[in-house]
Structures are given as structure tokens and as C-alpha cells.
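Have a look at the structure below, then the notes.
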Amino acid sequence: MADASEAIEEVAVSLTVNGKRQRGFVEPRTLLIHFLREQLNLTGAHIGCDTSHCGACTVELDGMSVKSCTVFAVQADGGTITTIEGMAAPDGTLSALQEGFRQMHGLQCGFCTPGMIMRAHVLLKENPDPSEEEIRFGIAGNLCRCTGYQNIVKAIQYAAAKLNGHAFQEAAE
Ligand code: FES
Ligand code: FES
């Protein structure tokens, strides 16, 4: 029988989230997604599964896109995280990806969108000028039940074009 003496000890974590130093106490078993949502109230990242498939929980951790349901908060100790809440400029200007998702109608319910944008953000750093095939492969870790993906591909193409300094030209269908 568990008693109070067997309570799980919390450990201190300290990370930089969206440019701000954050500290907290977590159980070693606390998932990063729960730390972000429940302690830091960054509720953009979502939980869509319990098998690490959907990618709704994706955030940028030390330059990589990670599924934060599959990382313990303690593993991110000392790390640098960007969540969807950190994507718009301080003056409210949307990032190229956020703008692209709106312009190209790359979202409907919006549940996958924070993870999708964070993945696309890292994808465009890895590959600033991806082909359609590379985009589709590059977001294969992110599921969407609403859009059918087509407009998400266009949204990422829009953002890539904008970041590369030219206007987005939709491919003729
Ligand atoms: S919640 Fe589905 S992969 Fe993280
Ligand atoms: S917009 Fe609804 S799941 Fe992608």
C-alpha cells in the first residue's frame, strides 16, 4: 500500500520557453506536454493520442521538433523551447507560417495546427525550399483529421516563399 512516505518526490526544472526563463517542480514522470499546458498554461500544444503518432503536441526543443508527449519534463531541463505561443512577433505580427495557414486555409478545427506549425517551423529551417513531396514527408509525423493536408502543404509553401523573399505562386492543378 502506498503511503505518504512513498510520495513521488518532485524535482526542479528550469528551461527557456519562448524566450523566457521558466522554473518549476515536476515529478520525474511528468510529461513535457503536461508541464507546458498545466504549469505554464501554454495550452496551444494539444494531446491527440497516447501512442506518439498524432504530433499535436509538437514543440521545438533545442532546434528539433519533438513530440512533447514523449519527453519527460525533466529531460528538457536546461533546454530551450518554442511553442506556438512564441511564434508571433511581440507586436502581434503573425509568423510567415501562421499567415500562410490562414491565407491558404490550412486549418479547420485548429487542434492539429499548433503542432503542425511548430513542425513546419523546424522543417523550413532544415529545408528552406522544400518540394511538395518533401513537405508531405516532412509533416508525416503530424496528423490532421480536417483538412486532407492539401492546404497545409500550400500554407507551408506560402511561408517558404515569403521567407525566401518571393510571392507564393500556386502550382497549376
Ligand atoms: S499527443 Fe499524439 S503524438 Fe503527442
Ligand atoms: S485542422 Fe482539425 S485536425 Fe487539423
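Any value given below was found using the heavy atoms of this structure, including those in side chains, with hydrogens, waters and symmetry copies removed. We count ligands from 1, going down the list as the structure has it; atoms in each ligand are counted the same way. Predicted model only: the values in this text are computed from it and were never measured.
If you chain together hydrophobic residues whose side chains sit under 4.5 Å apart, Leu123 and Ile152 fall into the same group.
Judged purely by atom type and a 3.5 angstrom limit, Asn142 has no side-chain atom pairing as donor or acceptor with the backbone of Cys112. Without hydrogens or angle criteria, Glu10 side chain to Gly24 main chain gives no donor-acceptor distance under 3.5 Å. His46 places no side-chain N or O within donor-acceptor distance of the main-chain N or O of Ala56, the cut-off being under 3.5 Å.
Looking at heavy atoms from C-beta onward, Met118 lies out of side-chain contact with Thr83 at the 4.5 angstrom threshold.
Of the N and O atoms on the side chains of Glu133 and Ser131, not one donor lies less than 3.5 Å from an acceptor on the other residue. For the residue pair Gln39/Arg23, the side-chain donor-acceptor check at 3.5 Å is not satisfied. Looking at Asn127 and Glu134, their side chains do bring a donor and an acceptor atom within 3.5 Å of each other.
When each of Glu99, Gln103, Gln157 is paired with Lys162, the side chain to side chain donor-acceptor pair (under 3.5 Å) condition holds for Glu99 and for no other.
Excluding waters, the set of protein N/O/S atoms under 2.8 Å from atom 2 (Fe) of ligand 2 reads Cys109 SG, Cys146 SG. Around atom 2 (Fe) of ligand 1, the protein contributes the following N, O or S atoms under 2.8 Å, ordered by chain and number: Cys49 SG, Cys54 SG.
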